[in-house]
Each structure stands twice: as structure tokens, then as C-alpha cells.
Amino acid sequence: MALYGGIELPGKPDLDNVRRLDVLPIPMVMDMMRYGFAVDREHLRRVGSELGREMAELRAEICSYIPVEKLDEFIHRSNLDADDTYLPMNVDSNVQLAELLYRVLGVGNGKVLKRTKGGGQVSTGRRQLEQLKAEHPVVQKCLDYRERAKLKNTYCDALPELARLHPRGGCWCGLTHECETWRVHTQLLLTRTTTGRPASKNPNLQNISVRSKWGAEIRRGFVASPGTVLVSVDFAQIELRILAMVSSAVKLIETFQTDGDPHMTTAMEAFGITDPDKVDKIMHRAPAKNVNFAVVYGESAKGLLEQLTSDTYGKAGLPVPDWLTLEWCEQFIAKWFEIYPEVREYIEKQHYRARRYGLVWDQVGRIRRIPEVRSVHNRVVAAGLRQASNMPIQGFASELLKLAMAEVHTEVVRVVRDAGVWCQPLVPVHDELVLEVDEGWGETVMGLVVGVFEGVLRDKGTGEEWEGGGGVPVKADGKVMGRWEK
DNA sequence: TATCGCCGCGCC
DNA sequence: AAACGGCGCGGCGATA
């Protein structure tokens, strides 16, 4: 069946479709790189100085936990902090932090401490610290410091250096602007990843913070140019929808066909709840949502346990429920596969392909070689098999965004520009597209882009939905805003 | 001083 | 032994 741009679905693992999909988004991608994303340097400067104040406080507090008699073991390092005040240790050094926590303060005594992958040092990662924060008040300080340091270093200090001034009357990118704005010009890479996703660098605009309070504040530093608004459109639950398509999981398809919430469905099925009002967000929906996402990646019970304790409960500042054990996670995952048994068949099919052919492919025929399956190390084989089941999902999702980008470029951006309206795509974020649009046209363009996204699997000739989709509708959400926020 | 591997972590 | 897929980036510490 012919789809937009001559893409045929499902594609065989030859390269015709793939070549098209590597090429189709190029006009839009060039536009994005050339035009850049406006940043509010004053906003980032203000956030940065606040973060800097909090960091200095946290640094001092952390150092104050060094016992007096141990001070000389640290002080010889002559660590100098940003304010030219001497501190006994460098809190940014994981080596020194591990020494303080585990050797000097004895945090985690008697526990088997996780070690890092490469060098085998005792880990000071967030996952580890979350487990230990009840033992000593310094641990939470370290977590708070880390969050602030990451944001300040990356976005308040480094990123503005990448922003270039675009003065009135023209600039190096060849475009004229009506007023002075600072813009960052990301580089988008279309052939970098093994799954088909575009990658972004210098700066990476695909991992701008948003979740935490401070993270959201950072993202607000990305703004629409004067006289314009930001339009953001994203596919709703696209990877789960694709999982439903490729596995034909009945319960999953049913949920999407009735416009239901898949996390809610999983929760109700797994816990045997019939009344939606009885689904508790923390106790039922959170673990259900976690498994819904993680099963695509091949997550283990141990992984689920860590995810839930560290992120869902730990990072959210919620108490970890006592029923949350490794056994509980094992049973929950088992229950998940009872609800969606077709998914197990899908996973096994990808494993078979990886072992039989040494490669897997997604619905457009993009291939990923999985040489790991020939390894003599079970760990390596297992990692390869996880990649094998994940790639067709992540890959196909990325193809849909690229297809949508191409159509937005020709059917929306060009058309709207021809009508004399400012319309500039800024960045793709895996399942989302951000554009800058004349402020009077935000809602209109948003609607058009949502339409393109939702019709991405529709044959442009006949209007028929792709039969390989198993009746799963593609849905998209749109937003109009003055600053980039969730 | 420049470079590299490691660690940790932001996003989807 | 490891246990979650795909990325890029900043700081540290070792090395050249």
C-alpha cells in the first residue's frame, strides 16, 4: 500500500523505504538547524544565580559533615570552589564523595554497595543514594546538590555560550530578524542512531530538563521570538500503540480503540479492579505505567523494583510502600504478560529473527544488526535480545515522526508561509515537533499539524488507514505557548 | 594544555 | 554477573 512519499508498509528489509525516510525530513531539518531556537539568556542567568546560591549552601552543608579529626585527610586536596573559598572537599568529585559517604561516615554499612560498570568504584549514583538517604542527612543534600549542579553547569553556564546573537537586519544564518534575539543552532543527525531516531547535539535539544521544579524552570528559558508563539505537537502513547500494532495484543488494541488510558487498563486488570475510581494513582497506576513502558525494553523484576523505589516514589518524595518487594515485581510482570500474552509472542519473534538472521527490522524495513547474539557471554546475548525487541518499536515510532515532518513541511509550513504567515519548525524530540508560529496563527497551525500526525498512517490516495495497524488509531496532542514547557 | 574514559544524568 | 532501549554532555582524573 502506498503511503505518503511513496513509503510502502510493511516494508521488507531492503533499503528503499529507509533511504526515503532518511531523505524526506532533510528540508525541514536544514531549516531547523539554520534558524535555531531562541533562548532567554536573562532568564537563564537569573535561574543560574539562584542555583549557584543553593549549591554553595549545599556544598557547605555537605562539607560540614566531615568530622573534625578527618578534615586533614580531605583538606590537602586544596579544593577551591567558585567563590574562592576553600572547602575541604570537591563535592563534584565522585571519588571524594564516595570516600566521605562510605568510608568516613559509614553510610550503607553492612550493605552490599553497588559498583560502577567501568572502573568498579563504589557507586554514588542517584539510584544508590536513594536507597541510603534514610541513613544519613548528608545523602539527601548530595542528591539536591547533584540536581542543581547538573542544571546550572549545562544550561545556565554552558548553553548560553552556544547562543549567538541575531541582530536586527540579518545574521550569519542568512535570515533577518525584527529584533535582537539569542539563538542556539542545534545540529541534527539523521544517520547517527541504530534505531532511526534523529539525534541532536551542540546543543542537544532533545534532553532539555522538564520534570523537576528546577528542570521546568530551565525549559522555560527556551522561548518564542517576539511576535510568535511556540506550537508543540506530540504523538500520544506512540510506542505503546505501535506495540499494540506489531503484537496484535487484543487488550491493548481494545484500549486504544475505545480511547482508553492504557496505564489505567493495566492497573485495573492487574489488580482486579472494576471501578475506575478505585484505582489509586500511587499504588496501582504508577507501577502499571512503569511496566507498560519498561516491558518494551525488556526490564527485569529487579529493574522494576529499582525504578519504582528510586523514581516513582523516591524522587517524587513519596514513601516506598512496604508491599513493594522483588517478589511483588516478579508477580506483577508475570501478570502483565497474562493480560497481554501476544506481546510475549512478539518479543520471541524478534529474538528468533536476531538469532536466525543476526538482525531485526521495523515496519518500514530499517534493519539493526544484532551481532551480540553470537557472543559466548550470556550477558551480552541478553543485551542483544533486549535491543532486538526494542528496536522495531522505537524505530517505527521514529519513522512516523520523520514521515510526519516531511508532510508538515510540504503541506503545512510551505502552505502557511505562502499565505504570508511566519511558521518555522524548531526541533524534533522523538515523538514531538516544536514550531514557532505567528502569534495569531498558533491554534490554526497546531490543528493542521495534529491532523498530519494523526493521519500519518493513512493512505493519502484512498484515505484508508494502514491495515497493518490492526485498527489502532494514531492520536496526537498539541499545545500553544509563549515559553517551552510541558 | 589537550584528550580520553568514566561516571552520572537529562530527555523520549 | 547483570538485571532498561536510544541518545549527548559536563566534571573529574589520568595520561600524553
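Chain letters run A, B, ... following the sequence lines, proteins first, then strands; residues in each count from 1.
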(request) Select one nucleotide: of C/dG11, C/dG10, B/dC12, the one nearest the side-chain heavy atoms of A/Asp92. (result) C/dG11

(message) On DNA chain C, compare the nucleotides closest to A/Asn202 and A/Gln394; which residue's is nearer the 5' end?
(response) A/Gln394

(request) Would you check if there is a donor-acceptor pair between the side chains of A/Gln128 and A/Ser123 at a distance under 3.5 Å? (result) no

(message) Please pick, from B/dC7, B/dC9, C/dA3, the nucleotide with the shortest atom-to-atom distance to any side-chain atom of A/Lys117.
(response) C/dA3

(request) Verify side-chain hydrogen bond (donor to acceptor under 3.5 Å, both in side chains) between A/Thr124 and A/Tyr102, making sure each step is shown before the conclusion. (result) CA-CA 9 Å; A/Thr124 61; A/Tyr102 304 130; 6.0 Å; no

(message) Taking 4.0 Å as the cut-off, does a side-chain nitrogen or oxygen of A/Arg379 come that near to OP1 or OP2 on C/dA1?
(response) no

(message) Pick the closest DNA chain C nucleotide for A/Ser93 and for A/Pro203 by heavy atoms, then say which residue is nearer the 5' end.
(response) A/Pro203

(message) Quick check for you: among C/dC7, C/dA3, B/dG8, whose closest atom lies nearest to any side-chain atom of A/Ser300?
(response) C/dA3

(request) Compute whether any side-chain donor of one residue and acceptor of the other, for A/Glu130 and A/Thr309, lie under 3.5 angstrom apart. (result) no

(request) Report which part of the nucleic acid A/Ala199 touches: base, sugar-phosphate, or nothing (heavy-atom distance under 4.0 Å, all strands). (result) sugar-phosphate

(request) Describe the nucleic acid contact of A/Glu147 in one word from base, sugar-phosphate, nothing, applying a heavy-atom distance below 4.0 Å. (result) nothing

(message) Using a heavy-atom cut-off of 4.0 Å across all strands, would you classify A/Thr124 as base, sugar-phosphate, or nothing?
(response) sugar-phosphate

(request) Identify which nucleotide among B/dC12, B/dC7, B/dC9 has an atom closest to any side-chain atom of A/His430, counting heavy atoms from C-beta outward. (result) B/dC12

(request) Could you work out which one of B/dG8, C/dG8, C/dG13 sits closest to the side chain of A/Lys201? (result) C/dG8

(message) If you only use heavy atoms from C-beta on, which nucleotide in C/dG5, C/dC7, B/dC11 is closest to the side chain of A/Arg219?
(response) B/dC11

(message) Counting the atoms with a prime plus P, OP1 and OP2 as sugar-phosphate, which does A/Lys150 contact under 4.0 Å by heavy atoms, base, sugar-phosphate, or nothing?
(response) base

(request) Please determine if a side-chain N or O atom of A/Arg146 lies less than 4.0 Å away from the OP1 or OP2 oxygen of B/dG8. (result) no

(message) Base, sugar-phosphate or nothing for A/Gly120? Non-hydrogen atoms, less than 4.0 Å.
(response) sugar-phosphate

(request) Taking atom types as modelled, find out whether A/Arg183 and A/Tyr35 have a side-chain donor-acceptor pair closer than 3.5 angstrom. (result) yes

(request) Looking only at side-chain atoms of A/Arg197, point me to the closest of B/dC12, C/dC12, C/dC9. (result) B/dC12

(message) As a test of reading the structure: which of C/dG8, C/dC7, C/dA3 is closest to the side chain of A/Leu189, going by heavy atoms?
(response) C/dG8

(message) Can you identify which nucleotide, out of C/dG10, C/dG6, B/dC7, has its nearest atom closest to the A/Asn153 side chain?
(response) C/dG10

